[in-house]
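Structure first, then comments.
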Amino acid sequence: MPDLAQDRMLLPTYEFKQDLIDAIREHAFLVIIGETGSGKTTQIPQYILEEMPEIKKIGVTQPRRIAAITVSKRVSEEQVTSLGKEVGYTIRFDDRTSSTTRLKYMTDGILLREAVQDPMLNQYSVVIVDEAHERTLETDVLFGLLKQTHRLRPDLKILVMSATLDVEKFSDFFDECPIFEIPGRTFPVQIVHHQSMKIQSLKSNFVSTAVETAFYIHTTEKSGDILVFLTGQADIERACQEFGDKCKELNYSRDVKYYEAEYRDDDVRDVAIYPLYASLETMEQRAVFEPARPGKRKVVFATNVAQTSVTIPGIKYVVDSGFVKEKSYDPNTGMDALLVTSISQAAATQRAGRAGRTAPGKAYRLYSSDSYDHMPPDTVPEIQRSSLLSTVLALKRMNIVDILHFEFIDKPDETLVMKALTQLFLLGAIDHNGVITDLGKQMNSFPLSPYLSRVIVSSAIEHECSEEVLTIASVLAGDHDLFRAPSPRQGEDVVAEAEKCKLKLAHHTGDHMTVLNVWRTWRDNDESKRWSRDNWVNHKALVTAKSVRSQLIDIMKDLKLPLVRARRIEIEKSGRKKDGRSRETVREVDAVPILKSFLTGYYTNVANKATGRSVFSHYSPDQHFGEKTSHSSSALVALHLHPLCALSDMFDRNKTKYSQIDWVMYMQVTYTNKAVMKGVSKILLDWVRSGKGHERIRQLASANLNGESAKITSKKRKQLLADDSTPASSAESSDTDAGTGTDAELEEDRKRLRKLEIDKIRERALARRNLN
DNA sequence: GAGCACTGC
């Protein structure tokens with residue numbers, strides 16, 4: 001049995017133990033830099049535990065659930081206690097702490113939730129924010145909150161731990177606190193740049209270049225596994241294919257001396273090729289983490305999962321394409337853009353570092369060192385490229401009313417904040433003075449987007465169908481697709497079979513009721529994994545939804561919101577003509593109250609379909625008020641159905657359902673090379689017009705949403721709200737109702753504007769990156 | 001006809 005106590009003394013942090021303790025005693029804030037393997041995450045909290053008996057409780061945050069679990073397990077072993085006693089962890093759905101817990105690892109989201117309950121964080125004497133360099137949305141908000149808490153509770157110790165060297169920003173933010181540097185224990189990585197390649201020209205062919213480079217490494221470098229960073233599933237599958245083809249050629253020519261000579265290391269002629277991205281089934285992923293068999297070289301084509309979330313043992317060579325797929329939220333259109341962009345220097349460093357975990361390594365960058373020099377030093381923090389709806393609501397809940405002047409380490413764009421405030425007002429979560437309402441408080445209790453929370457509340461108190469809505473919301477809350485799509489490689493029969501399964505489960509009103517159908521059929525089949533597999537349903541999505549659902553039920557009970565089953569209605573179905581009679585009545589859940597509930601949250605996400613076309617255009621309710629408000633800017637973006645949507649014509653070869661679509665609501669829209677909606681159901685426009693929320697649009701202009709009293713005049717606010725980057729033509733067209741002009745003319749307009757909008761979105765996404 | 005990565009009382 002290994003001597004854990006002795007191992008601990010061998011870690012780089014050990015020789016700084018006393019200095020660290022002294023520094024923590026002396027200062028309220030401390031920044032600690034420690035590279036991977038320094039032991040900072042496991043050791044420093046233990047030093048405090050052991051050497052500072054006056055400390056009550058230590059909280060350590062991690063950006064990922066897995067890290068919170070594994071680290072706390074390790075530490076409880078080192079402390080020779082069982083997990084959950086002195087040392088424990090808390091993550092969503094899993095609390096392994098008790099009244100005796102003095103060291104608690106948790107996700108940053110948990111601490112954020114706790115801060116809403118108790119802004120003073122009274123249970124903690126020390127709070128440690130780990131992996132601060134990742135700059136997650138939650139960490140950034142915690143920074144601001146912790147600084148505020150410190151003013152009220154000067155005894156609270158706050159430690160920020162980060163891997164990057166560029167931490168002066170953290171220190172500056174926390175009153176220029178001292179920075180402690182702990183040497184890491186990684187191996188040197190030699191960096192090789194493709195000197196004649198500019199990153200701009202690489203963009204069109206980085207996949208093939210990456211494959212060639214990996215192949216070059218395989219044939220010329222000594223043993224050691226290869227990790228190739230690409231951007232997404234499509235890239236990765238193509239790369240695996242191309243690399244495999246190249247290797248086949250090579251094996252075919254084994255007898256030819258020329259090829260033989262290319263091997264520098266005779267032991268690794270054979271390769272095992274692995275794709276790695278998050279949506280891979282767990283089983284398919286597992287093999288990547290096992291060592292390759294002797295004589296084989298592992299070649300892994302991966303997304304950014306491999307940059308932060310998972311570590312693959314044995315990697316000696318890294319190929320860095322220089323690109324990443326990055327999500328950024330556009331407050332003007334309310335759309336998420338998911339675009340391939342070049343990475344930051346910090347990301348490049350992190351990728352290269354993956355080659356030196358167990359031995360000296362080598363990183364091949366597909367771009368020149370000049371291109372590297374021109375990359376932005378840091379990735380834009382998440383808070384500057386996300387919707388701030390939940391964040392702003394949580395801050396308002398903590399009575400932080402003036403969000404625009406909240407102390408963020410990096411301020412989000414004002415448009416981003418104003419958009420969140422506007423939407424929260426439209427949802428009824430804040431009032432005219434920017435103060436949270438009772439409804440807003442209820443909404444904040446749910447671990448969901450404020451849109452979905454609004455829907456749930458409404459289903460309980462207005463539309464009497466919370467049982468069903470809860471189910472649908474639980475599934476939609478996760479971003480797994482409910483159906484799995486077969487790869488075309490599996491053959492036409494399989495594709496057809498999958499489509500048949502989906503058609504069988506699809507509901508004619510769209511995705512919401514389809515979710516309910518799938519859920520109930522899954523329950524009827526004992527929640528069996530086999531049933532999911534056979535019916536091309538994503539089992540994981542349902543299992544996760546099940547725990548979410550029971551969590552939501554607990555919250556409903558706390559809030560005293562009733563759980564009500566939706567009414568059943570009798571529907572006449574034309575059955576088979578067995579005995580000459582063709583009718584049969586069935587009792588079914590009434591879709592109307594359910595869809596109406598969803599509309600209370602998503603009434604600004606409504607689109608209508610151009611006649612005979614597959615394109616939708618966004619509807620702005622204020623068209624009917626004859627005035628233009630901020631959110632009307634997206635009025636003419638062309639929207640497309642995601643192919644997995646129940647209403648997509650993929651399910652309906654005769655396109656009967658499809659042609660009957662007039663108005664729809666959607667839960668989400670993402671722009672990649674066009675704007676694609678997910679979670680789409682048919683609605684009636686009257687439901688929108690008669691909805692409560694609709695009226696709030698009119699009231700918007702006179703509200704002081706940020707809540708800073710009279711600091712911003714209403715004129716100034718209108719300016720802030722107005723989308724001045726929208727082309728004038730689009731602004732005008734959004735004022736005129738779709739009733740004027742012929743269909744053909746409108747279609748022309750839409751086409752033209754769609755192009756403008758798309759260029760704008762791309763431009764803005766890029767501009768935001770370059771700004772920072 | 002489409003899927004970067006995380007997360008939540």
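Naming convention: chains lettered A, B, ... in sequence-line order (proteins, then strands); numbering from 1 in each chain. Note that the structure is a prediction, hence the values are computed from the model and not measured. Computed over heavy atoms, backbone and side chain alike; hydrogens, waters and symmetry mates excluded.
Listed by chain and residue number, nothing satisfies the salt bridge (Lys or Arg N to Asp or Glu O under 4.0 Å) test with K325(A) (two or more places apart in sequence, or in another chain). Partners of A346(A) under the side-chain contact (heavy atoms from CB on, under 4.5 Å) rule, at least two apart in sequence or in another chain, are S344(A), D378(A).
In the set dT7(B), dC9(B), dA2(B), the nucleotide with an atom closest to the side chain of R64(A) is dT7(B). Of the candidates dA2(B), dT7(B), dA5(B), dA5(B) carries the atom nearest the T303(A) side chain, counting heavy atoms from C-beta on. Distances were taken from every side-chain heavy atom of A485(A) (C-beta onward) to each of dC9(B), dA2(B), dA5(B); the shortest belongs to dA2(B). The side chain of R92(A) has dG8(B) as its nearest neighbour among dC4(B), dG8(B), dG1(B). Closest approach to the T672(A) side chain among dG1(B), dG3(B), dA5(B) is made by dG3(B) (side chain taken as heavy atoms from C-beta onward). Distance from the side chain of A278(A) is smallest to dA5(B) among dA2(B), dA5(B), dG8(B).
Counting any heavy atom pair closer than 4.0 Å across all strands shown, L448(A) reaches a base atom. Within 4.0 Å (heavy atoms only), F93(A) reaches no atom of the nucleic acid at all. E134(A) comes within 4.0 angstrom of no nucleic acid atom, judged by non-hydrogen atoms across all strands. Base contact: L338(A) has a heavy atom under 4.0 Å from a base atom. Among the protein residues, V305(A) comes within range of the sugar-phosphate backbone only, with heavy atoms under 4.0 Å from sugar or phosphate atoms but none that close to a base. D479(A) comes within 4.0 angstrom of a base, heavy atoms only.
Contact annotation: R65(A) reaches the phosphate of dG8(B) (side-chain N/O to OP1 or OP2, under 4.0 Å). Contact between the side-chain N/O atoms of S390(A) and the OP1/OP2 oxygens of dG8(B) is not found at any separation under 4.0 Å. Between T107(A) and the phosphate of dG8(B), there is a side-chain N or O to OP1/OP2 separation shorter than 4.0 Å. Distances shorter than 4.0 Å separate none of the side-chain N or O atoms of K674(A) from OP1 or OP2 on dG1(B). For T308(A) and dA5(B), the shortest distance from a side-chain N or O to OP1 or OP2 is not below 4.0 Å.
The NZ atom of K678(A) sits 11 Å away from the P atom of dA2(B) (whole-angstrom rounding). In this structure, NZ of K327(A) is placed 11 Å from P of dC4(B), rounded to the nearest angstrom.
For D493(A), the CG atom sits in a loose shell: 12 or fewer heavy atoms of surrounding residues, nucleotides or ligands are nearer than 6.0 Å. The number of heavy atoms from other shown groups lying within 6.0 Å of NZ (K57(A)) is above 12.
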